[in-house]
Enquirer: 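Before we start, here is the structure in question, set down as structure tokens.
Keep in mind that what you see is a predicted model, and the values were worked out from it rather than measured. In listed order, ligands and their atoms are each counted from 1.
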Amino acid sequence: MRIIRTIQEMRAETEARRRAGETVGMVPTMGFFHEGHLSLMRRARAECGMVVVSLFVNPTQFGPGEDLAAYPKDFERDCALAAAEGVDAMFAPEAGEMYAGDHATFVNVERLTGNLCGASRPVHFRGVATVVAKLFNACRPQRAYFGLKDYQQVRVIETMIRDLNFDIELVRCPIVREPDGVAMSSRNSYLSAEERRAATILRRSLVAAGKRIKEGARDGAAIARELREAIETEPLARVDYAEVVDAESLAPLGRIHGAALLAVAVRIGRARLIDNLVVET
Ligand code: AMP
């Protein structure tokens, strides 16, 4: 597996393979790999001639006071794991390679970013859309693999791809979970043993709320309230949001119909954890 540090090298590497008729698949990440990341790499490996993983902890998607400086890293281990999945190239640029000192251009996806994570992290999706656009331009993949754990991010990037005419297919990948249901996340490493046990409340509450909808409940606000209250039964959990929204527009659902997204963000210890469930009615 090649480790690539510059945009110029990245372009040259994929261009040669694309010209040889191969499909380039990209997996954007912030590193500290777990099975969730590896599942994306495996899917890309199965579907593409060349697989590029990017590892970049993007400063513009972190707000002041968030965990940019503390974000976990282990570059050697990440490289070994990616190589074992048959990844061809790891694009790991320094921040200075991605952002000029006087960087001035940002991508704002104006719908989809005002609620859920966008409400408590006001600069987050602007940073995500900007860096993903830049990564797409550096790598020029035909396919890009994203996990549905970050459901709102998937909708934001799908919209950016459409609106800015990127010739890229976004491949949605299912959430990978620990045996007790907790969604895998690099940020789970922030949790103590007791907090890790408390983190099971996210999935348990989502499944219970999903069951209520399956049984016929249709009042979105009432389900959202029940979801919040279920999470609040865990003393270590502080709810950031618990919402029921349309799975495509992400607009709050008064009356549940079609595909509903149940989405939560919860602070436990110093971690802010997210999870979600799509329920078809
Ligand atoms: P991150 O390194 O957290 O930015 O994640 C990189 C990619 O991996 C994103 O597309 C995430 O949605 C995806 N991802 C993270 N955790 C999981 C998980 N538990 N299951 C599936 N995909 C995930």
Enquirer: To which protein heavy atom is atom 6 (C) of ligand 1 closest, and what is the distance rounded to 0.1 Å?
Expert: P28 O, 3.4 Å
Enquirer: Could you check whether any side-chain heavy atom of R143 comes within less than 4.5 Å of a side-chain heavy atom of V24, counting everything from C-beta outward?
Expert: no
Enquirer: In terms of atom number and element, which parts of ligand 1 are under 4.0 angstrom from non-hydrogen atoms of I175?
Expert: 20 (N), 21 (C)
Enquirer: Heavy atoms only: give me the nearest S249-L112 pair and the separation to one decimal.
Expert: O-CD2, 3.3 Å
Enquirer: For ligand 1, is any non-hydrogen atom under 4.0 Å from P174's backbone (N, CA, C, O), its side chain (CB onward), both, or neither?
Expert: backbone
Enquirer: Fit a plane to each ring of H103 and F106, take the angle between them on a 0 to 90° scale, and name the class: parallel (under 30°), tilted (30 to 60°) or perpendicular (over 60°).
Expert: perpendicular
Enquirer: Is any side-chain heavy atom of L40 closer than 4.5 Å to one of T29?
Expert: no
Enquirer: Starting from atom 5 (O) of ligand 1, find the nearest protein heavy-atom neighbour and note its residue, name and distance.
Expert: H37 NE2, 3.5 Å
Enquirer: Of the side chain and backbone of L40, name the one, both, or neither that has a heavy atom under 4.0 Å from an atom of ligand 1.
Expert: side chain
Enquirer: Return the residue, atom name and 0.1 Å-rounded distance of the protein heavy atom closest to atom 20 (N) of ligand 1.
Expert: V176 N, 2.8 Å
Enquirer: Cation-pi check for Y99 against K134: NZ or CZ below 6.0 Å from the six-membered ring centre and within 45 degrees of the axis, yes or no?
Expert: yes
Enquirer: What are the atoms of ligand 1, with element, lying closer than 4.0 Å to any heavy atom of K149?
Expert: 16 (N), 19 (N)
Enquirer: Against ligand 1, does H34 come closer than 4.0 Å with any heavy atom?
Expert: yes
Enquirer: Quick test: of every protein heavy atom, which one is nearest to atom 22 (N) of ligand 1, and how far off is it to 0.1 Å?
Expert: G147 CA, 3.5 Å
Enquirer: Hey, does the Lys NZ or Arg CZ of R126 hover above the aromatic six-ring of F62, less than 6.0 Å from the centre and inside 45° of the axis?
Expert: no
Enquirer: Is there a nitrogen or oxygen of M30 sitting under 3.5 Å from a nitrogen or oxygen of ligand 1?
Expert: yes
Enquirer: If I take atom OG from residue S189 and atom CZ from residue R196, how far apart are they, to the nearest 0.5 angstrom?
Expert: 11.5 Å
Enquirer: I need the minimum non-hydrogen distance between V278 and Y151, along with the two atoms involved.
Expert: CG2-CE1, 3.7 Å
Enquirer: What closest approach, in Å, do F136 and M26 show between heavy atoms, and which atom pair accounts for it?
Expert: CD2-SD, 4.2 Å
Enquirer: Of all the non-hydrogen atoms in the protein, which one sits nearest to atom 11 (C) of ligand 1, and at what distance?
Expert: D150 OD2, 3.1 Å
Enquirer: For ligand 1, which is the ligand I care about here, please tell me if M184 has any N or O atom under 3.5 Å from one of the ligand's N or O atoms.
Expert: yes
Enquirer: Please compare Y151, Y71, F146 and report which has the shortest non-hydrogen distance to atom 3 (O) of ligand 1.
Expert: Y71
